[in-house]
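Below is one structure, written out as structure tokens; comments come after it.
Numbered from 1 within each chain, the chains take letters A, B, ... in sequence-line order. Note that the coordinates shown come from a computational prediction; the quantities given were computed from them, not determined experimentally.
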Amino acid sequence: MSDTFYDLMRRQGISRRSFLKFCSLTAASLGLGEAGAQQIAKAMETKPRTPVIWIEGLECTCCSESFIRSAHPLVKDVVLSMLSLDYHMTLSAAAGEQLRANAHETIAKHKGNYILAVEGNPPLGEDGNYCIYYGKPFVDVLREYAKDAMAIVSWGSCASWGCVQAAKPNPTRATPVHKVITDKPIIKVPGCPPIAEVMTGVVTYILTFGRLPELDVQGRPKMFYGQRVHDKCYRRPHFDAGQFVERFDDEGARKGYCLYKVGCKGPTTYNACSATRWNEGLSFPIQSGHGCIGCSEDDFWDKGSFYDHLTTIRAPGLSNLGVEGTAERIGLTALGVAGAALAAHAAVSAVRQASSRGRNDRVSDVEK
Amino acid sequence: MKVNRVSGRVLQGPYEPVYVYEAPVRFWHWAMMLCMIVLGVTGYLIARPLPAIGGEATFSYFFANVRMIHFIAAMLFAVLFAVRLVWAIVGNRHARSIFLPPLWSFEWWSGLFHQAAYYLFLRKAPHHWVGHNPLAQLAMFVMFVLGTFVIVFTGLSLFSEQFGWGSGWMNAFGWVNVLLGGSQMVRTVHQLAMWWLALFALVHVYMVFREDIMSGETVISTMINGVRMFKREPR
């Protein structure tokens, strides 16, 4: 258990050359520069591995699926050993009681030193019985495992914000992790799923430096969620030029113009997609011709169409009747109604004025 | 002439001209109007961009220029509003009327209902007021002042986004983003506030012309020379 990462990597046949290459790539992806690479190498050679316990609540496993496709830091088997992933329901070879015992052993042995990675979120409705973990509500397991953790990583939009299972009307009362666990440092890594390299980057940072990366006010690592997809989008020059795709099958779409007018949510979404991209940097939604749907933003399911960067507004209490509209429709309707009302008011005023003037001619100034 | 200091109601004649709007307030009014027109037009173009311009993106910077004009006008608008807030403190008492409706004054409330009844044609004649009548004052506060606060803060938050979390701008205005629940909500509220102010402008312009024609006081010329004149001896 007290092996260092380096020992483990060497035992798996990773050459020192590959190891250093991995260190510099990781340092680069974290934006740490050359000195950072040496720091990472040193930490990996000397520090005992920090164990990670990875639990899954209400979720679809897309975070795990994304995670195992991380390309830099290295290939997947090294990534898995590097993490010292002591407990992961989907990825562990063991199963059942044996696996659970392993988790408890890690918790007992590394009290206050392990990282709890939470994928998905706990439903609180019906005393948490919508998600059962070893015969217990998941929320209880989450509290139990979180009690002695050093920090919690909220994987994906589920754990960070609530995502689809917390979308209105949220029948199971699915609740993001930070609203259940309030006494531990929580690092949110939103996205549906988060980018693989962002996930491994965040974990590597914590393991290497023994502290959380710098977070923004909402608890997301600044290095990956500091800027919007729009800010680093390669189609940004078309945005600045005023060249927009009007329809998904038009000339502009073929030329790769900006997708702003077909509702790309890049300008309202904080994520690293346009910088890191997906699948070993191959592409990302906007590059493949579809707008961003803002999957790393809070409540992205409840904000109306995926093809509009303004939120659909539902009249409170009238949403069951389907009364909803865009800001523009509401604004124009209000202006139209007000305009008509003022025109009518003006007409009545004119008539009154005329008739009162006529009366005033006969009777001087007796009003009220 | 006898005037109630709190509500601004003219209690007794003979009527004489009153200097209501000082020069900075008048300048501010027309500068704000210009800003609002520029902001409304460019803002609409940002929300609903024109059809695409052809050619290489290298040679066009049209949309960025539209945004730049919007930002410049917006900064002027925000600064003008901030200066106006200061002037509300240092200016004459009419300078603060739209920021502080005297909700504690009974006469003000009774004047409000009287004015509303007058606009609903239930009263033949309105009371006379030196500054805004209570209904106008309330509308100015709720529609213009509150609407402007919302549009300025959401606008500054949207502007800050280009600098990213952790920047000075975002530290100053990122709370709007957190408060409203994300950037998309900030945009939505910003646009709603724009329609709110457009509604205000429509009602404002109508009321100004109507009052100028039908009430006993000057209205439009007051915002030009600052002096409120009483056209006829009121009853």
Decide if atom OH of B:Tyr61 counts as having more than 12 heavy atoms of other residues, nucleotides or ligands within a radius under 6.0 Å. no

On a heavy-atom basis, which atom in B:Glu161 and which in A:Asp231 lie closest, and how many Å separate them? O-OD2, 3.8 Å

Identify which part of A:Ala346 has an atom lying under 4.5 Å from any heavy atom of chain B, answering side chain, backbone, both or neither. both

Which distance, rounded to the nearest 0.5 Å, do you find between the CD of A:Glu297 and the CD of B:Gln184? 8.0 Å

Closest non-hydrogen atom pair between B:Gln191 and A:Ala327, with its separation: OE1-CB, 3.4 Å

Contacting region of B:Tyr44 [heavy-atom separation from chain A under 4.5 Å]: side chain

Pair A:His238 and B:Phe63, ring centroids less than 6.0 Å apart: no

Between CZ on residue A:Arg352 and CE on residue B:Met214, distance to nearest 0.5 Å: 9.5 Å

Contact part of A:Val348 toward chain B, heavy-atom cut-off under 4.5 Å: side chain, backbone, both or neither? both

Heavy atoms only, distances under 4.5 angstrom: which of B:Gly182, B:Pro51, B:Gly164, B:Pro49 has the most pairs with chain A? Name it, please. B:Pro49

Counting only heavy atoms not in B:Phe209, do more than 12 sit closer than 6.0 Å to its CZ atom? no

Side chain, backbone, both or neither: which part of B:Ile46 has a non-hydrogen atom closer than 4.5 Å to chain A? both

What part of A:His230 gets closer than 4.5 Å to chain B, counting heavy atoms only: side chain, backbone, both or neither? neither

With sequence neighbours left out, the residues meeting salt bridge (Lys or Arg N to Asp or Glu O under 4.0 Å) with B:Glu107 are B:Arg9

Heaviest contributor of heavy-atom pairs below 4.5 Å to chain B, chosen from A:Glu214, A:Arg228, A:Gln227, is A:Arg228

Report which part of A:Arg235 has an atom under 4.5 Å of a heavy atom belonging to chain B: side chain, backbone, both, or neither. neither

Which value, rounded to the nearest 0.5 Å, describes the distance between A:Asp240 atom CG and B:Thr58 atom OG1? 11.5 Å

With a sphere of 6.0 Å drawn around OH of A:Tyr234, does it hold more than 12 non-hydrogen atoms of other residues, nucleotides or ligands? yes

When every non-hydrogen atom of B:Trp165 is compared with those of A:Arg220, the smallest separation belongs to NE1-NH2, 3.2 Å

A:Thr311 side-chain N/O to B:Thr188 backbone N/O, donor-acceptor pair under 3.5 Å: no

In terms of heavy-atom pairs under 4.5 Å, which option from B:Phe62, B:Trp196, B:Tyr206 contacts chain A the most? B:Tyr206

Between A:Ala241 and B:Ser60 the two heavy atoms that sit nearest each other are O-OG, 2.9 Å

Around atom CE of B:Met229, are there more than 12 heavy atoms of other residues, nucleotides or ligands at under 6.0 Å? no

Hey, which of B:Asn171, B:Leu199, B:Val66, B:Val203 has the most heavy atom pairs under 4.5 Å with chain A? B:Leu199

Honestly, the part of B:Arg67 sitting under 4.5 Å from a heavy atom of chain A is side chain

Heavy atom to heavy atom, less than 4.5 Å: which residues from residues 257-270 of chain A reach chain B? A:Tyr257, A:Tyr260, A:Lys261, A:Lys265, A:Pro267, A:Thr268, A:Tyr270

Sort B:Met194 into side chain, backbone, both or neither according to what part of it lies under 4.5 angstrom from a heavy atom of chain A. neither

At a heavy-atom separation under 4.5 Å, does A:Glu251 approach chain B through its side chain, its backbone, both, or neither? neither

Separation between CD (A:Gln243) and CD (B:Glu56), nearest 0.5 Å, reads 7.5 Å

Give, as side chain, backbone, both or neither, the part of A:Asp308 having an atom under 4.5 angstrom from any heavy atom of chain B. backbone

Do the side-chain N and O atoms of B:Arg210 and A:Ser349 include a donor-acceptor pair separated by under 3.5 angstrom? yes

Please test B:Trp195 against A:Leu332 for side-chain contact (heavy atoms from CB on, under 4.5 Å), starting from the C-alpha separation and ending with a verdict. CA-CA 8 Å; B:Trp195 292 112; A:Leu332 286 173; 3.5 Å; yes

Ranking B:Gln162, B:Met207, B:Met170, B:Arg123 by heavy-atom pairs under 4.5 Å to chain A gives rank one to B:Gln162

